[in-house]
Amino acid sequence: MSGTNSIRANNEILTNWLYDVQPLEKEKTAGDRLQQTGNEILLGSAAIIGLPLLGKPFKKPYQSFKNMDTRNGISYLDAWRALSEQTKGEKAALKGDNIWQSYRNRSLYHKITGMSSEIPAYIHEKKPSKLNAKQRLKQIYKYRKNSYYNEAKRLIEETKQMLETAKKNGTTIPKETLKAQLNKIREAVRAGDIKVNSAMKSGIIKPTSLLGRVKHKIKLKTGGYKIEEKLLQSTKGASALKIASKGLKGTGLMALIEGALEIPDIISAYKIDKAEKAEGRKSNRGNKQLAKSGVKVGSSILGYAAGAAAAGAIAGSVVPGIGNVAGAVIGFVGGIIGGAIASWGAGKIMDEVLNEKDSLEKSEAVLYAEEQNEKTRQVSKTIAAQASNNSRIQDELLMEVQTNIDKGAEPPDEVLAAYEYLLNERETALETEYGSYALLDMLSNIANSSYAA
């Protein structure tokens, strides 16, 4: 017979197949984790770019519905017609020397009017007498913050009036005028940002929410306000802050998604606890998974925030005034990469604490399945070793494989090769020890046992 190690190795292939032992997984590296983010980046970027485009066909119907006022005799059709006339007039007033220039002019105009969203809102909804002390204080701070952008608001309204005048007179707004207005508004917004930063740092404006107060203290202790103040001294620095803040706004949504993805793992872990305790064994996988999920989500969110801020800051400093969609994509990609790196780094620390591999990548349910698989693997090894040293157990193992095949099981090529190898080894051994008649008897026994089964 060939070496015992070869026979044992082939026996183990058979026993692993019979007992459904799963192969061991390789430890994941930072490169593996980043590679997995490829699909997330592609799908997420496509959504960021595609969703605004998908919403365009519904923009006009929605706006017409909003402008409808049946009490004053304005029907939906009237609102639709008025909006169509407005769009037509806008296109005429922003017409350029060619199709591309016309598109560019409209883009510049919408970028200008869209900058209103960068100005802190102030809506006086209730009379001061109907507000409590906290609400009044909040309104005062909102009004004060909004007032720092009066010049930017005036310039935006001035641009809108330019459009109305051009529509009325049948003229067009030159590209140079639109660019000049946009630059003026950006500078006015930057001036407002500087005032807000100074007011927040000095306490003229105070955060009223718990989260706001925590962020305020952190920025005071870490020098965050000083860094912002320095960045705001230049157009590029201000642009970097804007893009970084856009990326950071995604952290709330990221937290919800990450948290939702962890729920099935937490539920599975508590189910394992219940099953194990029912059989009299101690188990605390549920609480362990809860803690691990918290670390995983927390590290991913912090990494996402840092990555989004860094990517946005770099992009904003290189290309001031980068578009909202481009800025959102850049922040999203940077955030995903930052989250992946932070999660991997936290996983390495967790591995040392728990003395495990891939502790954050693998849920408690997966680790439990691996433990059960390892127990089965040990049983498989034991039987394989016994079969290698005992001809009777070897014959029983071969018969069990044949029985499973006869019942319809389809073993992989590796198992079939091992089975044929061991059959040949048994044939050689039996011919050597007992002669060909004994071999025929053994093969007949295998066939009869399979037929009876």
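Since we're looking at a predicted model, the values are computed, not measured. Hydrogens, waters and symmetry mates play no part in the numbers below; they use all other heavy atoms, side chains included.
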_Ignoring hydrogens, what is the shortest heavy-atom contact between Glu410 and Trp17? Give both atom names and the distance._
C-CZ2, 4.5 Å

*Scan Lys142, Gln139, Lys138 and name whichever one has a side-chain contact (heavy atoms from CB on, under 4.5 Å) with Thr208.*
Lys138

*Indicate whether any N or O donor in one side chain lies under 3.5 Å from an N or O acceptor in the other, for Glu187 and Thr235.*
yes

_Distance check, rounded to the nearest 0.5 Å: Asn10 atom CG versus Leu423 atom CG?_
11.0 Å

*Can you measure from CG (Leu18) to CD (Glu400) and round to the nearest 0.5 angstrom?*
4.5 Å

*Considering only heavy atoms from C-beta outward, does the side chain of Glu370 approach that of Val366 to under 4.5 Å?*
yes

_Checking side-chain polar atoms at under 3.5 Å, does Asn105 have a donor or acceptor matched by the opposite partner on Gln101?_
yes

*Heavy-atom pair of closest approach, residues Ile156 and Ile185*: CG1-CD1, 3.8 Å

*Test Arg392 against Glu396 for salt bridge (charged side-chain N to carboxylate O under 4.0 Å, His left out), laying out the working first.*
CA-CA 6 Å; Arg392 180 184 60 79; Glu396 289 175 355; 2.7 Å; yes

*Shortest non-hydrogen separation from Ser102 to Gly96 and the atoms involved*: OG-N, 2.9 Å

*Rounded distance (nearest 0.5 Å) linking atom CG of Asn16 with atom CD1 of Ile383*: 10.5 Å

*Compare all side-chain heavy atoms of Leu422 with those of Val401 and state whether any distance is below 4.5 angstrom.*
no

*If you measure from CD1 on Ile272 to CD1 on Ile267, what distance do you get to the nearest 0.5 Å?*
12.5 Å

*asked:* Rounded to the nearest 0.5 Å, what separates atom CG in Asp413 from atom CD in Glu420?
replied: 9.5 Å

*Does the Ser388 side chain pair with the main chain of Ala384, one donor and one acceptor, at a distance under 3.5 Å?*
yes

*Checking side-chain contact (heavy atoms from CB on, under 4.5 Å) for the pair Lys407/Thr403: CA distance, chi angles, key distance, verdict?*
CA-CA 6 Å; Lys407 288 181 177 179; Thr403 301; 3.8 Å; yes

_Between NZ on residue Lys195 and NZ on residue Lys145, distance to nearest 0.5 Å_ = 15.0 Å

*Does some side-chain heavy atom of Gln378 sit less than 4.5 Å from a side-chain heavy atom of Lys381?*
yes

*Apply side-chain contact (heavy atoms from CB on, under 4.5 Å) to Lys91 and Thr87, showing your working.*
CA-CA 6 Å; Lys91 285 183 177 180; Thr87 304; 4.2 Å; yes

*Does any N or O in the side chain of Asp265 come within less than 3.5 Å of the main-chain N or O of Ser363, such that one atom is a donor and the other an acceptor?*
no

Show me the donor-acceptor pairs within less than 3.5 Å that the side chains of residues 196-205 make with the rest of the protein, sequence neighbours left out.
| from | atom 1 | to | atom 2 | distance (Å) |
| --- | --- | --- | --- | --- |
| Asn197 | ND2 | Tyr225 | O | 3.4 |
| Asn197 | ND2 | Glu228 | OE1 | 3.0 |
| Lys201 | NZ | Glu229 | OE1 | 3.1 |
| Ser202 | OG | Ser198 | O | 2.9 |
| Ser202 | OG | Ala199 | O | 3.4 |

_Main chain of Asn132, side chain of Gln135: is a donor-acceptor contact present, judged purely on distance under 3.5 Å?_
yes

*Asp193 and Tyr149: side chain donor to acceptor below 3.5 Å*: yes

*Please confirm whether the backbone N or O of Gln22 pairs with a side-chain atom of Arg377, one donor and one acceptor, at under 3.5 Å?*
yes

*Report the C-alpha distance between Tyr148 and Arg144 in whole Å, list the side-chain angles of each, state the deciding distance to 0.1 Å, and finish with yes or no for side-chain contact (heavy atoms from CB on, under 4.5 Å).*
CA-CA 7 Å; Tyr148 294 150; Arg144 191 171 292 169; 3.6 Å; yes

*Under 3.5 Å: donor-acceptor pair, side chain of Asn146, backbone of Pro120*: yes

*Can you tell me if Tyr270 and Gln289 form a side-chain donor-acceptor pair at under 3.5 Å?*
no

*Should we count OH of Tyr122 as having more than 12 external heavy atoms under 6.0 Å?*
yes

_Minimal non-hydrogen separation, Leu182 against Ile112, with atom names_ = CD1-CG1, 3.8 Å

_I'd like to check the side chain to side chain contact (heavy atoms under 4.5 Å, CB included) partners of Ser268; sequence neighbours left out, ordered by chain and number._
Ala365

*So, Ser380 side chain and Thr376 main chain: donor-acceptor pair closer than 3.5 Å or not?*
no

*Identify the heavy atoms of Lys277 and Ser283 that sit nearest to each other, and give their distance.*
CE-O, 3.2 Å

*Check whether any side-chain N or O of Arg190 sits under 3.5 Å from a backbone N or O of Gln233 as a donor-acceptor pair, and report yes or no.*
yes

*Donor-acceptor contact present, side-chain Asn373 to main-chain Ala369, <3.5 Å*: no

*asked:* Quick one: does any side-chain atom of Asp273 pair with a main-chain N or O of Arg285 as donor and acceptor, under 3.5 Å?
replied: yes

*Verify whether one side chain among Glu90 and Tyr109 offers a donor that lies under 3.5 Å from an acceptor in the other.*
no

